[in-house]
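Data block below; observations after.
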Amino acid sequence: MKFGTKAIHAGQEPDPSTGAIMTPIYQTSTYWQKSPGDNKGFEYSRGTNPTRKALESCLAALENAKHGLAFSSGMGATDAVMKLLSPGDEVITGDDLYGGSYRIFTKIFSNYGIKFHFINMNDAQNVKQYINQNTKLIWIETPTNPTMQIVDIEAVAAIAKSNKILLAVDNTFASPYLQNPIDLGADIVMHSVTKYLGGHSDVVMGALMLNDDDLYNRLWFIYNACGATPGPMDSFLVLRGLKTLHLRMKAHCENGSQVATYLKTHPKVDKIYWPGFSDHPNHDIAKKQMRDFGGMISITLKGADLQETYRVASSFKVFSLAESLGGVESLINHPVSMTHGSIPKAERDKVGVTDNLLRLSVGVEDIEDLLDDLKQALS
Ligand SMILES: *Cc1c(COP(=O)(O)O)cnc(C)c1O
């Protein structure tokens with residue numbers, strides 16, 4: 001099955017009891033057993049629920065994976081992966097990460113004796129020098145948030161494999177429409193489903209997709225034991241959102257390309273970060289591993305201090321100033337004071353997350369209205 005067909009149908013059959021085309025919202029915590037243990041595969045909804053199960057099958061299909069696990073947030077999914085580790089283990093990860101990932105690594109899991117190396121991954125070979133016998137996991141994000149750096153997934157996967165290290169990829173920014181890390185050799189794909197997969201800014205959810213049965217069983221044990229699993233209503237909303245993922249992503253990419261092109265020569269814009277430009281440092285890798293370049297764009301404002309950046313960020317009429325991304329509506333974000341506030345200033349400055357940086361999540365509104373809004377806000 002091709003992508004759009006899977007987005008609409010994977011994991012979903014007409015309801016056997018009524019013929020309902022849409023997967024019902026099985027709003028139940030528990031299930032009847034004829035005699036102890038004699039049930040229809042569902043016992044208690046922390047571990048299994050039919051609406052969530054349909055969603056997990058669909059999510060797995062979209063990443064060309066065998067298994068899917070849905071969590072009550074992206075951070076819940078990340079947390080489960082980290083619980084595969086033990087004290088003394090080491091993790092290699094990027095130096096330009098989602099702020100919440102940086103926070104859970106440094107403020108939670110560091111306290112449990114896990115060591116993290118935050119490194120530049122523009123050159124995948126850089127990873128090798130941080131590997132030792134304690135290295136158990138490589139965690140990458142590409143494109144990175146917010147500076148849209150591209151990490152070569154296939155190259156990192158080859159290094160991970162030859163050293164028997166797990167590779168997990170946070171694929172939130174690309175979505176499975178643009179990039180499938182498992183096809184490139186990753187072991188686990190993580191998503192903040194809250195973003196493009198849900199797509200309508202009405203659900204917080206996370207997911208893991210993977211192939212290996214043994215790893216799935218270990219992660220399912222953590223998922224059920226720790227309990228950060230989503231309810232049936234949210235599972236239904238995401239199933240519904242997924243049905244237009246391919247249509248939305250196509251529109252995000254088209255609008256993203258036009259907005260990026262407009263901003264590139266704008267006199268108020270200093271730097272622009274978007275992997276679709278041929279002068280982006282890893283454009284060739286983006287072209288190799290992604291099917292298009294997406295609707296996430298970051299810019300720095302020429303000569304703007306914090307005050308002026310706040311003024312611009314607050315003067316949009318179609319774009320909304322808000323955290324998050326990937327919904328149908330266009331959003332603008334000031335990473336330093338919003339999504340990346342939990343990263344120390346020295347660390348932020350090193351990777352270009354400066355006071356005058358703004359991040360755009362280009363939505364699927366009419367492009368003329370988006371360009372007009374940028375024009376007036378940057379005037
Ligand atoms: C939002 C986000 C997360 C966290 O997901 P939540 O659903 O907010 O918990 C992780 N990684 C990236 C890249 C994100 O954008």
Side-chain angles (χ1 to χ4, degrees), residues 52 55 59 63 68-83 91 93-109 116 118 121 137 139-151 153 168-179 181 186 188-209 223 226-231 234-235 237-238 241-242 249 252 273 275 290 294-298 322-327 331-335 338-343 351 353 357 359-363:
R52 192 200 307 149
L55 171 65
L59 289 169
E63 283 289 10
L69 287 168
F71 291 82
S72 52
S73 69
M75 293 320 301
T78 301
D79 177 73
V81 175
M82 293 301 144
K83 286 173 177 160
V91 179
T93 186
D95 60 5
D96 184 33
L97 280 185
Y98 172 69
S101 304
Y102 181 85
R103 182 174 56 193
I104 200 173
F105 295 167
T106 56
K107 296 275 167 45
I108 306 287
F109 285 101
F116 293 86
F118 298 93
M121 291 200 187
L137 175 71
W139 179 276
I140 63 182
E141 208 181 295
T142 178
T144 66
N145 178 8
T147 62
M148 313 299 156
Q149 293 171 46
I150 301 293
V151 180
I153 299 172
V169 178
D170 180 341
N171 202 27
T172 301
F173 265 40
S175 89
Y177 178 79
L178 295 181
Q179 171 176 289
I188 302 172
V189 174
M190 174 265 168
H191 277 282
S192 170
V193 174
T194 315
K195 316 295 170 52
Y196 285 109
L197 296 179
H200 295 76
S201 306
D202 52 7
V203 178
V204 172
M205 196 187 285
L208 300 175
M209 294 81 144
Y223 155 107
C226 299
T229 53
D234 282 358
S235 301
L237 285 170
V238 173
L242 286 176
M249 287 310 298
H252 283 297
Y273 302 99
M290 299 172 74
M296 294 304 300
I297 302 164
S298 292
E323 302 215 3
S324 200
L325 61 114
L331 299 180
I332 188 150
N333 171 269
H334 182 244
M338 297 165 75
T339 44
H340 288 62
S342 50
I343 301 178
V351 294
V353 183
L357 182 88
R359 188 190 77 187
L360 309 179
S361 171
V362 180

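In what follows, residues are counted from 1 in the order of the sequence shown. Order of listing sets the numbers, starting from 1, for every ligand and every atom in it.
Put simply, the side chain of Thr93 gets close to the backbone of Trp139: a donor and an acceptor are under 3.5 Å apart. For Thr172 (side chain) and Ser192 (main-chain N/O), a donor-acceptor pair under 3.5 Å exists by modelled atom type.
Annotation: ring pair (Phe, Tyr, Trp, His ring centres under 6.0 Å) contacts of His191 (sequence neighbours excluded): none.
Lys195 forms a cation-pi arrangement with Tyr98, by the criterion of a distance under 6.0 Å to the ring centre and an angle within 45° of the ring axis.
Between Phe116 and Phe105, the ring-plane angle classifies as parallel under the 30° and 60° cut-offs.
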Dump all N/O pairs between ligand 1 and the protein below 3.5 Å as a table: atom names plus distance, one pair per row.
{"unit_1": "ligand 1", "atom_1": "5 (O)", "unit_2": "Ser192", "atom_2": "OG", "d": "3.0"}
{"unit_1": "ligand 1", "atom_1": "7 (O)", "unit_2": "Gly74", "atom_2": "N", "d": "2.9"}
{"unit_1": "ligand 1", "atom_1": "7 (O)", "unit_2": "Ser192", "atom_2": "OG", "d": "2.8"}
{"unit_1": "ligand 1", "atom_1": "7 (O)", "unit_2": "Thr194", "atom_2": "OG1", "d": "2.7"}
{"unit_1": "ligand 1", "atom_1": "9 (O)", "unit_2": "Gly74", "atom_2": "N", "d": "3.0"}
{"unit_1": "ligand 1", "atom_1": "9 (O)", "unit_2": "Met75", "atom_2": "N", "d": "2.9"}
{"unit_1": "ligand 1", "atom_1": "11 (N)", "unit_2": "Asp170", "atom_2": "OD2", "d": "2.7"}
{"unit_1": "ligand 1", "atom_1": "15 (O)", "unit_2": "Lys195", "atom_2": "NZ", "d": "2.8"}

| task | Applying ring-ring contact (aromatic ring centres under 6.0 Å, His included), run through His252 and Tyr177 and close with a yes or a no. | result | CA-CA 11 Å; His252 283 297; Tyr177 178 79; 9.8 Å; no

